[in-house]
Amino acid sequence: MEKFCVFCGNKPKNKNNEHIIPKWLIELTGDSNRTADFGPIWNSKTQNLEFRKFAFDQFQFPACEDCNIKYSDFETKAKNIVEKLLNEEELNNEDFSVFLDWLDKIRVGLWLGYNYLQKNLSDVYPNYHISKRIGIKDRAIFIYKSDSKQLGINFAGANTPAFQYLPTCFNLRINQFCFFNLSTDFLISKNLGLPYSKEAYYTDSQEIQFVVEGGRNRILYPLIKIAYDKKCSEIYQSIYSHNIKSNIEYLYNNDYTKSISKNFEKGIGKVLIAGNNKIREYPTEPSKSWIPKNIWNLPELIDMIGRQVLNSQIYFINKSAKYNNISLEKRNLIEQQLETAKSVNRMYLKFMNED
Ligand SMILES: [Zn+2]
């Protein structure tokens, strides 16, 4: 495989290495020399799971020097926010906007990282890189809190073929918290009352075409239809920056969209928080309203969230774009890949039930 920069996707200029899991995060969560478990990894050629262990240090990938520098201020901001989260301090809506950006970065980084580590076993050719995928689609985080004093970092769902095909959803545990993260086009738009995708189709060039319907101008809770455990804090942000630069711009140009936007011209929605079956704006002043009321036992939380990630990934595959418009050969290939991806998730779920 050609080496590419994880940020811009080009051949790395003045090659540097980017740690997908930043060093500061490794230090915040335990001994920085420890070995991390990033496996098992599905090999679609042998149709088998491969158990492989990597040190965090191996989980670094080529990047241009300039790209690396460009993101170092952002990392400093993110570090500050993650420390506040772990100390259960007050945070404002802007902090969450940055935190959601950072989760976009981690999620896409893991996607590209596994693609590298697996030597592209799922036959996925990344068509975008980190810099093209931060803060451009609807997103959500469900924050779950545990009673654990044990330091640690875990990922769920980043090692599945389903995630290789659709990197929509994963879980990141950092010490006492689990951050269940979701992001995709029109993730929350329908129940948020914004224009939403009625149908989506793949084109032959692997792009997705959406059939978009006008919004209903009112909020319906829950915003997302997946089955998820509600003993958490739910944070949402809609991003429609692409759409207001397209031929459906007129669907957004109304008072309702403006009322729930942080920056209408840029297509960025307000940060929202759910509570008591209601959605409200996240405070602009620093606030502790993000701290979940419920406290989980950590092993139970990790078990629940593992299932939630696997089931959600199956849900998003079932809901993903249709392939009626592409050649039969391509269509059969994609259908077969997605079926395999779903069956691998079901296999993981079965393992979990037997434990
Ligand atoms: Zn670059």
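Every number for a ligand or one of its atoms is a count from 1 in the order of the listing.
Side-chain contact between Ile305 and Arg173: absent, with no pair of heavy atoms (C-beta onward) separated by less than 4.5 Å.
Here the side chain of Asn68 pairs a donor or acceptor atom with the backbone of Asn17 at under 3.5 angstrom.
For Phe316, there are no ring pair (Phe, Tyr, Trp, His ring centres under 6.0 Å) partners at least two apart in sequence or on another chain. For Ser189, the side chain to side chain contact (heavy atoms under 4.5 Å, CB included) test picks out Asp138, Phe186, Leu194, Tyr196, with sequence neighbours left out.
Around the Zn ion (ligand 1), protein atoms of type N, O or S found under 2.8 Å number 4.
Here side-chain hydrogen bond (donor to acceptor under 3.5 Å, both in side chains) pairs that include residues 305-315, with residues two or more places apart or in two chains, are Tyr144-Gln308, Thr160-Gln313, Asp303-Arg307, Arg307-Asn353, Gln313-Asn345.
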Check against side-chain hydrogen bond (donor to acceptor under 3.5 Å, both in side chains), Thr76 and Asp73: CA-CA 5 Å; Thr76 310; Asp73 280 355; 5.0 Å; no

